[in-house]
Amino acid sequence: QAEEALRESEEHFRNFFDNALVGFFRTRMSDGLLIEVNSKCAQMMGITPEEAIGKLRSTDFYEDASRRTELVDILKRDGEIHDFEIDSVMNDGSKVTLSFSFKAYPEEDYIEGLSIDVTERKLAEEALRKSEENLRTTLNSIGDAVITTDIGGVINGMNPTAEKLTGYLLKKARGKQLTDVFNIVNSQTHQPAVNPVEQVLEKGKVVGLANHTMLIAKDGAEYHIADSASPILDDDEKVTGVVLVFRDVTDEYILQNALRQSEERFRTIFETAQDPIFIKDRDLRYALVNPSMETFFKIPAEELIGHTNEDIFGEEVGLHVREVDTRVLNGEIVEEDSIRFVEGNRITFHVIKVPMRDEYGNITGLCGIARDITDRKQAEELLQMTQLSVDNLTDAVYWMGHDAKFTYVNNAAVEVLGYSKEELLEMNVHDIGPEFPIEAWPAPWAGLKEKDSITFQTIHKINDGSTLPAAITANFVQF
């Protein structure tokens, strides 16, 4: 019973260890080798326990490896440490912040500890810190530009940001009509934009500035701006003026234009690429195909988009493609050669498929690029046939370089000389041609280079020590 209780206790501990919501680990104190990690700890590192234990060191995941020296020094002094935060790099390159508690066992040369991923907490703390800084900045000096007017559109208030954007100081702007200071136009036509004060007074509610609104400052500087105008109400809900809040969005406007141009460039590349390009959703239905895809498979886009490969090419082909595509949806990048019959012609193409991800890293589908390699494959097959022909010629064929070392011999050479192919490829002309000693080789080599082709009679020494006469035709090939 005691043994059973001990076994159950150990099993409970192991279950707790393996399934805990925090990371447990043991490392060698001397060099940081991971001796034991639970699933949660391995997950924090972006690997499996099997990939970590006995193979990796804790410093493999430290952004700053010197932190371990600091840690070990503290443990040697105090024996344990808590809430020790370390910036870590996961296996996929992403960065996290982990909080550790350690206890050292110097005599056994190991450290035990637990880890908690505090990345979100740290990000939240950082976001809170920035929010507090922003709040202080806003209270001290509002970041957005603010102009207030009375019911007649006469300026009675303005903050420093508004002064900067309009080019008018409040003491100069106060008492002027808003339109004299807040000069806004349509950025595309440069025609005057609608006065927001008039819109607020007409509608009695918040109004937003029109798209493509541009502010022209006193010195002629131009700013793309956004935001709104709101009525100022008294206790009786009566409109007493207007508050205009706006901000400089010039950089965003430029970025949006750049994004739009980038999308246009992508579209141009996509539409004009000579290779077929396609995009599939997570259901493996074609979501987008380029014109080359239509031309390559002789199938119009409307018959591809919304359909799977099973729908288009049949169950047998479709099932194989689905297996490959599923791997891509699981995060792999897959390359393969495939064969299709298009209008009775056998076409070989090389396709690369990569997963497509959203801004959060979630896989939303896949993108594939195919290239017709039919001609290349045919050339490779022809080369193989040529190689086979040379291999099986009845005449002996040798290839050699300037050093007289054989780089290729065919089957007839093997049979005539009595050596194996492997033996011949370790030999050179001097080993089989007694008329070409090593010191005399440069002269015939130079003569061959000069004449490109020569024919002569010689003798070959074969493996059993005998010799045989040989008629040689030598050709110099340069490539």
Side-chain angles (χ1 to χ4, degrees), residues 92-94 188 212 251-384 479:
D92 63 1
S94 60
Q188 296 181 332
H212 309 297
D251 291 343
E252 296 173 30
Y253 190 86
I254 293 171
L255 182 62
Q256 289 173 356
N257 278 342
L259 179 60
R260 184 175 66 254
Q261 291 172 4
S262 176
E263 290 174 347
E264 290 173 355
R265 285 193 293 269
F266 166 77
R267 174 63 62 180
T268 299
I269 294 171
F270 184 82
E271 294 291 344
T272 60
Q274 297 302 302
D275 292 329
I277 304 175
F278 57 88
I279 294 174
K280 294 182 181 179
D281 60 23
R282 285 199 62 86
D283 294 325
L284 299 180
R285 298 181 182 277
Y286 287 98
L288 193 63
V289 298
N290 72 342
S292 291
M293 180 80 172
E294 300 178 82
T295 303
F296 187 80
F297 289 106
K298 310 300 183 186
I299 302 174
E302 57 268 23
E303 294 182 18
L304 290 169
I305 294 174
H307 296 280
T308 65
N309 278 83
E310 291 94 331
D311 300 332
I312 300 165
F313 300 109
E315 197 71 20
E316 182 178 351
V317 172
L319 286 176
H320 169 74
V321 175
R322 181 169 289 274
E323 290 177 2
V324 173
D325 289 353
T326 300
R327 289 164 53 196
V328 180
L329 292 183
N330 287 330
E332 288 188 50
I333 297 176
V334 177
E335 295 189 44
E336 66 168 354
D337 293 344
S338 296
I339 296 173
R340 296 283 185 277
F341 285 89
V342 179
E343 295 184 342
N345 298 314
R346 184 175 183 267
I347 303 297
T348 304
F349 61 94
H350 181 76
V351 63
I352 302 174
K353 297 178 181 179
V354 298
M356 297 185 65
R357 302 177 185 271
D358 63 17
E359 59 184 310
Y360 304 106
N362 301 313
I363 295 176
T364 59
L366 64 86
C367 177
I369 302 177
R371 172 159 292 181
D372 185 352
I373 58 170
T374 305
D375 292 343
R376 192 189 81 190
K377 283 293 185 182
Q378 291 174 346
E380 290 174 354
E381 292 171 0
L382 180 59
L383 180 61
Q384 290 172 354
F479 51 83

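Owing to the predicted nature of the structure, the values given are computational and were not obtained by experimental measurement.
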Distance from [X] atom [atom1] to [Y] atom [atom2], nearest 0.5 Å?
X	Y	atom1	atom2	value
Thr268	Gln261	OG1	CD	11.5 Å
Glu310	Leu319	CD	CG	5.5 Å
Glu264	Leu259	CD	CG	10.0 Å
Arg282	Leu329	CZ	CG	5.0 Å
Leu366	Ile333	CG	CD1	11.5 Å

For [X], does the [atom1] atom sit with more than 12 other heavy atoms under 6.0 Å from it, leaving out its own atoms?
X	atom1	value
Arg346	CZ	no
Glu316	CD	no
Glu336	CD	yes
Arg371	CZ	no

Inset, instruction - Indicate yes or no for a side-chain donor-acceptor contact from Gln274 to the backbone of Thr272 under 3.5 Å, with no hydrogens or angles considered. - result: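 Indeed, once roles are kept as given, a pair shorter than 3.5 Å links the two residues.
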Could you check whether any side-chain heavy atom of [X] comes within less than 4.5 Å of a side-chain heavy atom of [Y], counting everything from C-beta outward?
X	Y	answer
Arg322	Thr308	yes
Val321	Lys353	yes
Asp325	Val334	no

On a heavy-atom basis, which atom in [X] and which in [Y] lie closest, and how many Å separate them?
X	Y	result
Ile363	Pro355	CD1-CB, 4.0 Å
Thr348	Asp372	O-OD1, 3.3 Å
Ala370	Asp275	O-CB, 3.1 Å

Legend entry - Of all pairs that satisfy side-chain hydrogen bond (donor to acceptor under 3.5 Å, both in side chains), the ones with a partner from residues 284-299, not counting sequence neighbours: Tyr286-Asn309
Inset, instruction - Go through Asn257 and Arg260 one step at a time and tell me if the side chain to side chain donor-acceptor pair (under 3.5 Å) criterion holds. - result: CA-CA 5 Å; Asn257 278 342; Arg260 184 175 66 254; 2.5 Å; yes
Legend entry - Worked verdict on Phe278 versus Val351 for side-chain contact (heavy atoms from CB on, under 4.5 Å): CA-CA 11 Å; Phe278 57 88; Val351 63; 4.1 Å; yes
Inset, instruction - List the steps, then state whether side-chain contact (heavy atoms from CB on, under 4.5 Å) holds for Ile277 with Met293. - result: CA-CA 6 Å; Ile277 304 175; Met293 180 80 172; over 6 Å; no
Legend entry - Chi angles and distances behind the side-chain contact (heavy atoms from CB on, under 4.5 Å) call for His307, Ile299: CA-CA 12 Å; His307 296 280; Ile299 302 174; over 6 Å; no
Inset, instruction - Could you walk me through whether Val289 and Phe297 pass the side-chain contact (heavy atoms from CB on, under 4.5 Å) test, one step at a time? - result: CA-CA 11 Å; Val289 298; Phe297 289 106; over 6 Å; no
